[in-house]
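Below is one structure; the comments refer to it alone.
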There are 2 protein chains.
Amino acid sequence: MLKISELAAKTGLSAHTIRFYEKHDLIRASERSEAGYRYYNDSDIRRAEFVKTARNIGFSLEDISQLLSIRVDKTSHSCQEVTDITQHKLDEVNEKLSELESMQNTLQILLKSCCGGPEKATHCSIIEALDAGAVVKNRSAA
Amino acid sequence: MLKISELAAKTGLSAHTIRFYEKHDLIRASERSEAGYRYYNDSDIRRAEFVKTARNIGFSLEDISQLLSIRVDKTSHSCQEVTDITQHKLDEVNEKLSELESMQNTLQILLKSCCGGPEKATHCSIIEALDAGAVVKNRSAA
DNA sequence: TATAAGCTTAGAGCTGACTCTAAGGTCAAC
DNA sequence: GTTGACCTTAGAGTCAGCTCTAAGCTTATA
C-alpha cells in the first residue's frame, strides 16, 4: 500500500496531478486511512501506471477514460473499440504533424533568406516576406 | 477605408478576433466614425495582413507583437533579432515534431499489433501493451 | 418609418491539463 | 511535546487564443 507521495514517486506524476486524475476518475485509491489519507493497493498502482503510459503516448484524459473502462471490463468491449480510439488519435497526430511540417518548411525558407546579421532590418527579407504574405498552407484544419 | 466586417472578409479573421487582436496591439484602426465604428486604412490593412500571415505560419501573438515592433521601426532593429525569433520558433516546431513523430510511431505499432475486430477485448494487445508500459519516450521535454 | 443587419463595450466563458492556495488535520522522529 | 513533513479539501488560477454575450447604438434598405 502506497501513500500518495509514494505513488507520485513511483509514477512520476505529482500528488496534485494524482488527485486531479482522481477527480476525473482515472486513478483510484481503494482505501483511506481513518484520517482520510489515500492508500493505493497493487491494482490501483497498475491502473495509475496504465494511465501514465497512455498519457506518455499522447492520449487525452478523455481517451484514457475510455481505455480504462474497456480495461476494467474487457468482455463487454471489442478490439475494434480500442483500435478506433487509437486510430483516431493517430489521425490527430498525423494532422498536427503535417501542420508542423509545413511550418517547419516555411520557417526554414525564411531563415535561409535572411542574413541574420547585425545589419539594420530595413531590408530584412523575413519581414518583407511576411509583408508580401509568405503563406504556406498551415493551420488549414487546426 | 474598410469597416471591421470588411477587414474580416478580407483577412479571413473574424470581427471578434480583430477586436481581440486590437486589445493586444496587433491590429489597429487608425480612424473611428463619430459613432465609434472602426475604420481601417491601407496601412492598417497591410498590418492586419502581416499579422494574419505570421499567424498562419505559426508565430504566437507574442512573437507577432515583436515582429510588428521591428516592422514599424526597422532602423532600430537588426536582422539578427528577426532571425532569433524565427529560429526560436523553428526550434519549438522541431521539438514538437519529434514528440509527435514518437507518438505516431508508438500508435502505429499499437495499431499493427491489434486485430481491431469485433472480438472481445479480453486479450487486446493494445490494452496489454499499455498495461505493460508500452513506452516510447514522448513528452519528455514538453 | 420600420426593420434588420451591423457596430460598440466590458467582461465572461471556453478548451485541456494541470497547478497552486489556504486553512487545517496527522504522523513520525527527536 | 514539539517540530516539520505530509496529508486533506474546495476552489481558484494559469496558459493561449480565441469566442461569445448582453445591452444598446447606428446605418442601410424597403
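The sequence lines fix the lettering, A, B, ..., with proteins before strands; numbering per chain opens at 1. In this text, all values refer to a predicted model and were calculated from it rather than measured experimentally.
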Hey, which of these two, A:S33 or B:A35, hits DNA chain C nearer its 5' end, going by closest nucleotide?
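Between the two, 5'-proximity favours B:A35.
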
Hey, which of these two, A:F20 or B:A15, hits DNA chain C nearer its 5' end, going by closest nucleotide?
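Going by which nucleotide is closer to the 5' end, it is B:A15.
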
What is the distance from [atom1] of [X] to [atom2] of [N], rounded to the nearest Å?
X: A:M1; N: C:dC27; atom1: CE; atom2: P; answer: 15 Å
X: A:H24; N: D:dA10; atom1: NE2; atom2: P; answer: 13 Å
X: A:R55; N: C:dC18; atom1: CZ; atom2: P; answer: 5 Å
X: B:H16; N: C:dT9; atom1: NE2; atom2: C1'; answer: 12 Å
X: A:Y39; N: D:dT8; atom1: OH; atom2: C1'; answer: 13 Å
X: A:L61; N: C:dT19; atom1: CG; atom2: C1'; answer: 14 Å
X: A:K96; N: C:dG16; atom1: NZ; atom2: P; answer: 11 Å
X: A:Y40; N: D:dC6; atom1: OH; atom2: C1'; answer: 13 Å

Can you confirm whether B:H123 is buried at NE2, in the sense that more than 12 heavy atoms of other residues, nucleotides or ligands lie under 6.0 Å from that atom?
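Not buried by this count: 12 neighbours or fewer within 6.0 Å.
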
Can you list everything that forms a ring pair (Phe, Tyr, Trp, His ring centres under 6.0 Å) with B:Y21? Sequence neighbours excluded, please.
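Applying ring pair (Phe, Tyr, Trp, His ring centres under 6.0 Å) to B:Y21 gives none.
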
Can we say A:E92 and A:K89 salt-bridge, meaning some charged N sits less than 4.0 Å from an Asp/Glu carboxylate O?
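A:K89 and A:E92: salt-bridged.
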
Checking all strands, does A:S14 fall into the base, sugar-phosphate, or nothing category for heavy-atom contacts under 4.0 angstrom?
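Counting heavy atoms under 4.0 Å across all strands, no contact is made by A:S14.
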
Given D:dC18, C:dC18, D:dT8, which nucleotide is nearest the side-chain atoms of A:T17?
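Selected nucleotide (nearest to the side chain): C:dC18.
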
Within 45° of the ring axis of B:Y37 and under 6.0 Å from its six-membered ring centre, is that where the NZ or CZ of B:R32 lies?
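No; the conditions do not both hold, so B:R32 does not lie above the ring face of B:Y37.
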
Taking only side-chain nitrogens and oxygens of [X], does any of them come within less than 4.0 Å of OP1 or OP2 of [N]?
X: B:R32; N: C:dC7; value: no
X: B:S5; N: C:dC7; value: yes
X: B:R38; N: C:dG6; value: no
X: A:R19; N: C:dT21; value: no

Ignoring hydrogens and geometry beyond distance, is the side chain of B:Y21 in donor-acceptor contact with the base of D:dG17 at under 3.5 Å?
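Counting by modelled atom types and ignoring angles, no donor-acceptor contact under 3.5 Å is found here.
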
Kindly say whether the aromatic ring centers of B:F20 and B:H16 come within a distance under 6.0 Å.
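They do not qualify: ring centres at least 6.0 Å apart.
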
